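We're numbering straight along the sequence, starting at 1. The structure displayed is predicted, hence computed values, not measured ones.
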Amino acid sequence: TTRASSGFQRGLELVGLPLAAAVFLALYLLPTPSGLSWNGQMALATFLSALVLWVSQAIPVYATSLLAMLTLILTGAWGEAQVLGMLGQDVIWLMVCAFVLTSAMTKSGLARRLALAMVASFSSRAKWALLSMAILNGMLAFLVPSTTARAALLLPIVMILAEVYGAEPGRSRFGVALMTQEVFANSIFTSGILTATACNVMAVGFIRTLGGQQVYYSDWFFASFPIATLTILATWVLGLVLFPPEHDRPRGQGIEALRGELRGLGRFTPDEWRATFIFALTVFLWVTDRWHAQWWGFTISTATAAIISATLCFLPGIGLLTWKETKIPWDLMVFSAGAYAVGLALEKSGGAKWLMDQVFAATGIGRMSFLAAYAVVIAIAMFSHLVFTSKTVRTAIVIPIVITLAKTMGYSPVALALPAAFTMTWSITLPPHSKPNLIFYGTGYFSVPQQLGYGLLVCAIGTLLLIAAGPTWFTWLGMMR
């Protein structure tokens with residue numbers, strides 16, 4: 001769908017290309033700073049200039065990714081084999097398989113049945129539809145320890161839900177709110193549950209090994225989950241203000257009409273049963289991944305489980321798709337490959353760590369009071385995702401720095417590092433920052449500037465809530481001692 005540009009967006013498009021060129025040239029000509037390699041400097045230049053182009057949309061996002069990949073190779077920021085190998089990343093295959101599964105569920109009618117059941121039960125108005133999907137995301141966070149898997153599971157349902165409410169990709173405010181809030185709920189609810197992603201467990205490991213303090217599941221849950229829940233509620237309200245739905249009711253129909261349509265679907269068809277089996281198998285493999293080695297002697301990864309499901313969709317007898325019937329946004333795959341190449345080059349070259357060190361050093365945090373230092377740490381940790389495309393790498397860099405800082409200043413590592421760890425999954429402002437972002441961006445319902453603006457506001461809300469919780473909720477829980 002061709003997206004209608006506002007006057008502000010057209011202005012960004014005009015200045016985007018010259019501004020990106022100026023940013024790149026300024027960093028290219030700058031003498032290499034102490035502690036930063038030439039590779040890191042070129043990776044940083046490529047990253048920042050690509051960021052300008054992605055936000056301004058001066059050229060298509062996939063063209064920006066191709067340009068960024070070319071720049072990384074020509075400047076020597078990263079090797080050609082590594083850059084071109086991004087199309088082999090698990091995120092690319094996860095996205096392909098997620099859209100194959102979505103196509104199968106849509107063709108069979110199962111996705112429509114599930115969406116209609118949700119609408120008929122508790123989503124008869126647009127605002128409740130948005131909230132119910134956020135709640136469903138939070139419930140899945142307890143069961144599926146993978147943000148990408150949860151995004152893939154919910155993608156078919158939200159696609160049909162958008163259709164039920166008459167949302168057109170690239171034009172609908174409801175579509176923007178629905179898809180971006182799925183991104184936000186996925187990441188933010190993950191921050192509230194220790195086992196919802198590997199980087200949470202990694203952060204606790206750092207606090208134990210480097211800080212000498214133990215953090216339990218209950219400690220994490222009682223401290224972080226209320227903050228996550230309050231943020232999601234604020235995000236929901238903010239979304240209704242920024243992107244008020246065009247239709248309060250599903251496509252102008254009454255709820256009884258939708259219930260009648262649901263009843264009219266009758267019993268499950270053979271195609272729906274096949275789709276249900278494939279969907280259930282996918283859920284089973286993703287939910288039980290921690291026990292695979294114990295049961296079978298090997299582990300089926302999230303990506304491999306997705307490939308199994310996609311393969312089943314095409315096999316004779318059980319499958320229900322042909323390749324031509326799949327709806328895979330290949331331009332998004334190119335965009336994703338370039339975005340990951342830029343982010344990983346920045347991390348592998350040491351540019352991201354150098355940038356974080358400079359930010360912490362520039363604040364003069366060592367001379368601050370505890371509450372001032374705490375606020376600065378939370379803010380830096382929250383927005384550090386702007387230079388990382390991996391939650392795991394971000395955690396591995398930021399949390400040890402914060403633990404060392406706390407010990408140097410004479411504070412408890414838990415007091416600074418644990419609240420900072422709560423922010424590690426908040427990678428919500430740009431599509432390349434996480435795999436779920438890319439999956440939902442692929443639906444075409446929201447633009448890069450829309451996600452960036454909305455995401456920055458949500459991160460600001462989360463930052464303020466976490467800062468306010470320091471001397472109140474976290475102190476009451478005993479974290480600040």
**Request:** Begin with the C-alpha distance, continue with both residues' side-chain angles, and end with the deciding distance and a verdict on ring-ring contact (aromatic ring centres under 6.0 Å, His included) for Tyr28 and Trp38.
**Result:** CA-CA 9 Å; Tyr28 182 85; Trp38 169 255; 5.6 Å; yes

**Item:** Leu19 and Ser56: CA distance, side-chain angles, deciding distance, side-chain contact (heavy atoms from CB on, under 4.5 Å) verdict
**Value:** CA-CA 10 Å; Leu19 180 59; Ser56 68; over 6 Å; no

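For the residue pair Arg274 and Ser108, no side-chain donor N or O sits within less than 3.5 Å of a side-chain acceptor on the partner. Remark: the Ser301 side chain and the Thr304 side chain contain an N/O donor-acceptor pair separated by less than 3.5 Å. Side chains of Thr282 and Ser309: a donor on one and an acceptor on the other come within 3.5 Å.
Side-chain contact between Thr71 and Phe24: present, with at least one pair of heavy atoms (C-beta onward) separated by less than 4.5 Å. Put simply, the side chain of Ile380 reaches to within 4.5 Å of the side chain of Thr363, judged on heavy atoms. By the 4.5 Å heavy-atom criterion applied to side chains, Leu321 and Ser103 are counted as neighbours. Between His385 and Cys459 the shortest side-chain heavy-atom distance falls below 4.5 Å. Inter-residue side-chain proximity for Val176 and Tyr445 is flagged as unmet; no heavy-atom pair is nearer than 4.5 Å. For the pair Thr32/Ser37, no side-chain contact is recorded, criterion being any heavy-atom separation below 4.5 Å from C-beta on. Within the 4.5 Å cutoff, the side chain of Gln214 has no heavy atoms near those of the Asp219 side chain.
Ring-plane geometry between Phe422 and Trp220 is classed as perpendicular, the angle between the planes exceeding 60 degrees on a 0 to 90 degree scale with a lower cut at 30. In this pair, Trp295 and Trp291 present their aromatic rings parallel. The plane angle is below 30°, not in the 30 to 60° band.
Within the 6.0 Å centre-distance limit, the rings of Phe243 and Tyr454 are counted as a close aromatic pair.
Surrounding NZ of Lys348 are at most 12 heavy atoms belonging to other residues, nucleotides or ligands under 6.0 Å away. By the neighbour-count criterion of 12 heavy atoms within 6.0 Å, atom OH of Tyr217 is densely surrounded, having more than that number from other residues, nucleotides or ligands.
A donor-acceptor pair under 3.5 Å is absent between the side-chain atoms of Lys407 and the main chain of Pro413, judged by distance alone.
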